[in-house]
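The figures that follow rest on heavy atoms only: side chains count, while hydrogens, waters and symmetry mates do not. As the structure is a prediction and not an experimental result, all values here were calculated from the model. Order of the sequence lines sets the chain letters (A, B, ...), proteins ahead of strands, with each chain counted from 1.
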Amino acid sequence: MSHPGGPVDLVAAVVHGGRAALVGADVRIAGSVAEVAPRMAGLAATSGPRWVWWSARYAGELVSAVGSPLARAWDLAEAHRVLHGGWKAEPGRVWAAAHGVPLSTMPEPSAGDLFDFSAADEVGPDDLVRGDGHLRADAASGWLETDDRLLAWAGAALDCAVRQRDRAQQLSPRTVGTVHSESAAALMCLELEWGGLPVDRPVMEGLIADFAGPRAASEEAAAVARRERDALVLRHVPGRESTDLRNPQQVRDMLAGVGVDVPNTRKWVLDAYRQVHPVVDALLEWRKAERISTTYGYRWLDQCVGADDRLRGGWTACDGAAGRMTAENGLHNLPAALRSGVAAHAGHVFVRADLGQIEPRVLAVVSGDPVFAEATRADDLYAPVASRLGVERPVAKIAVLAAMYGQRSGAAGEALRGLERAYPVAMGLLDRAYESGVRGEPQRTFGGRLVPTGRFLATSPVGADPALDAARGRFARNAIIQGAAAELFKAWAATVRALAGPLGGQIVLCLHDELLVHAPAEKAEEVAALVDRALADASRRWAAGAPVRFVADTSVITRWSDAKD
DNA sequence: TTGACCACGTA
DNA sequence: CGTACGTGGTCAAC
């Protein structure tokens, strides 16, 4: 280890209003984006520094001007989220946390055009840092009007990165690796937003028509069609035709009127009554069509699918809890029925890959349970677990899931006790996380991310409400597994991104344990092979020697809905 | 206009 | 439904 990740190879890049600056050990320049971007491309090709920015989003203008994808980054916002938990990570907060300045005295971010007395009192016109150690409130906005200030801004970023990296290294070397892959994931999020998900528009439009009917020519026509759809349900309940199907309370009253007494009108409750009264079946069918026409209908198609037939939405590299990626505009919750409308464009294919049984395999790594690790050698992890427990495979599967997620219903009892005996190390970790969560303690994932006690769960004091204590426990137990799985997934995706780029492959969808790579047809097999190689690389780095096997199911397809090869 | 709740799609 | 997310509907409070 000469100095991989050392300050020497960190170069801060900032951009504001068409001007940009780079600051590192061997570089200190400011200029227009058009001047700075080629310098970045040159450095990337030669010394290959790790780029530091306040967040990939702030640096997006520069990143896109460079043209070629940048691989190595230290994203201060993502690093802050890993180290300190939560989602807020604006520069003032990042700076304060990195320098140990109390958040309670942090200035409110100002628009930059208002005269701020408190800031003016404590900071000179050219000072970036206030007397109390905080960044000036307008640092990221109006203040950045000269190249000197831009250079200072880059210097501050570099300073934060060095401090964060020391902190991460102190926690564990793995935490440094987590920041690296989180930073790459943040870059990938920009590319996902820019690139979009390829769609076969005529097919998608046809699917929508199947559920929601043809495009309405006017508001009036749409209202007529809506009433006609409603009538298909309401004809089953004569005398109650005025029921508003979009109002759950009215629906519940309507159902009670025909003898269907339910606590709520959720699908999984009503499913049991499909045979009891025909209105139930009609209602559930109506809901399906209503979902498509309101959320995934023509409005969605027109607003979210561009003229180039790409579905676009915002992406974030991590949520505020365990750290999974999030996506907007249906990219993460597109109904399965619409997936045949997602198709590779001309001359291209999708290389689709998903991680098999990722959460129990992750449990084997994070717990260090040697016996459970042994089970991951099988393609189907539940088979060896079943034979060890002396139960059928479905029972073993339910027991493992129950142990990880704390399922309270169902009959997993006996098998759960078998798990405790067979895999005491893995089960012990889950139990400790649960108890720690009950006490309201934040968790840290295997990769070093701090997971704060979940939102609403922090409101009541420990012990005041047994139901809330149990919810905290479940949250914590789930977070250490879901969070670690998210870390491995991102490490994998970042590796695929780096390897597939030179072949013209582009990651177009990330779905928690599934990747969709859009690639030139003639490179299909090559890309499919590198996806598996990337998993071997990423899991070896991430699991750091744990004898745990991860498996990907990889296939080359043209439509997302297509079965494996 | 905003926030709570319901409902439901995905993993 | 174990957890998480985003979206859109209604309703009550502003």
**Report entry** Proximal nucleotide (of C:dG8, B:dT10, C:dA4) relative to the A:Arg339 side chain
**Finding:**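 Nearest nucleotide to the side chain: B:dT10.
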Query raised in the report: Of all the choices, C:dT3, C:dC5, B:dC8, which nucleotide is nearest to the side chain of A:Arg287 once you look at every atom?
Result: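 Of all the options, the side chain of A:Arg287 is nearest to B:dC8.
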Can you measure [X] atom [atom1] to [N] atom [atom2] for me and round it to whole angstrom units?
| X | N | atom1 | atom2 | answer |
| --- | --- | --- | --- | --- |
| A:Leu284 | B:dA7 | CG | C1' | 12 Å |
| A:Trp315 | B:dA11 | CH2 | C1' | 12 Å |
| A:Ile358 | B:dT10 | CD1 | P | 20 Å |
| A:Asn333 | B:dG9 | CG | C1' | 5 Å |
| A:Leu363 | C:dT3 | CG | C1' | 15 Å |
| A:Ile292 | B:dA7 | CD1 | P | 19 Å |
| A:Asn329 | C:dC5 | CG | P | 18 Å |
| A:Gln357 | B:dA11 | CD | C1' | 15 Å |

Query raised in the report: How far apart are the closest heavy atoms of A:Leu419 and A:Met427, and which atoms are they?
Result: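 In terms of heavy atoms, the two residues are closest at O-CG, 3.7 Å.
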Query raised in the report: Can you name the closest pair of heavy atoms from A:Ala317 and A:Cys189 and give their distance?
Result: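 Scanning both residues completely, I find the closest heavy atoms to be N-SG, 3.5 Å.
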Give one of base, sugar-phosphate or nothing for [X], where a contact means two heavy atoms less than 4.0 Å apart.
| X | answer |
| --- | --- |
| A:Glu328 | sugar-phosphate |
| A:Ala327 | sugar-phosphate |
| A:Leu334 | sugar-phosphate |

Verify whether the ring centers belonging to [X] and [Y] lie closer than 6.0 Å.
| X | Y | result |
| --- | --- | --- |
| A:Phe550 | A:Trp492 | no |
| A:Phe489 | A:His512 | no |
| A:His332 | A:Trp315 | yes |

**Report entry** Base B:dA11 paired with A:Arg324 side chain (donor-acceptor, <3.5 Å)
**Finding:**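 Indeed there is one.
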Query raised in the report: Phosphate oxygens OP1/OP2 of C:dG8: is one of them under 4.0 Å from a side-chain N or O of A:Arg291?
Result: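 Checking C:dG8 against A:Arg291, no side-chain N or O comes under 4.0 Å of OP1 or OP2.
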Query raised in the report: Rounded to the nearest 0.5 Å, what separation is found between the CZ atom of A:Arg226 and the OG1 atom of A:Thr294?
Result: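 OG1 of A:Thr294 is found 10.0 Å from CZ of A:Arg226.
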Query raised in the report: side-chain contact (heavy atoms from CB on, under 4.5 Å) with A:Cys318: which of A:Glu487, A:Glu182, A:Arg324?
Result: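 Only match with A:Cys318 under side-chain contact (heavy atoms from CB on, under 4.5 Å): A:Glu182.
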Query - DNA chain B contacts made by residues 243-268 of chain A, counting heavy atoms under 4.0 Å - result: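 Under 4.0 Å from DNA chain B: A:Pro248, A:Asn264, A:Thr265, A:Arg266, A:Lys267.
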